[in-house]
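In this chain, numbering begins with 1 at the start of the sequence shown.
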Amino acid sequence: MRNHDNLTDTEIFARAVDLLLKITDEPDEPAHARNLAAWLDASPRHRAALVELDMLWEATGEVLSSVRNARE
């Protein structure tokens, strides 16, 4: 297993996406939330990736909203 300090930012971001998708797919599975919490506690880089993902998610929503409004 690789140390989280040796992972690329892309690998860390991909893991953040994976963990969040698991929660989205199975919101009633408590193990997913525990896994995300443990992962976030493992490295400040993990928290930074989650913040980046959150900003991307919000920006995507804004773009999609603009596209919908332009079509109306």
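Distance alone, capped at 3.5 Å, places no donor-acceptor pair between the D18 side chain and the A14 backbone. Of the possible donor and acceptor atoms, none in the side chain of E26 sits under 3.5 Å from a partner among the backbone N and O of D28. Looking at E58, its side chain never comes within 3.5 Å of a backbone N or O of M55 through a donor-acceptor pair.
With respect to the salt-bridge test (charged N to carboxylate O, under 4.0 angstrom), the residues D25 and K22 do not qualify.
Here the OG atom belonging to S43 is positioned 8.5 Å from the CG atom belonging to L7, to the nearest 0.5 angstrom. Atoms NE2 and CG, from H46 and L36 in turn, are 11.0 Å apart once rounded to the nearest 0.5 Å.
Within the 4.5 Å cutoff, the side chain of D9 has no heavy atoms near those of the E52 side chain.
Residues L21 and W39 are members of one and the same hydrophobic cluster, defined by side-chain heavy-atom contacts under 4.5 angstrom among Ile, Leu, Val, Met, Phe, Trp and Tyr. No single ILVMFWY cluster, assembled from side-chain heavy atoms under 4.5 Å apart, contains both V51 and W57. Grouping the Ile, Leu, Val, Met, Phe, Trp and Tyr side chains by contacts below 4.5 angstrom, directly or via other members, places L56 with I23.
Closest approach of R45 and T8 over heavy atoms only: NH2-C, 3.7 Å.
Of the residues listed (L50, L53, N35), the one engaging L19 in a side chain to side chain contact (heavy atoms under 4.5 Å, CB included) is N35, and it is the only one.
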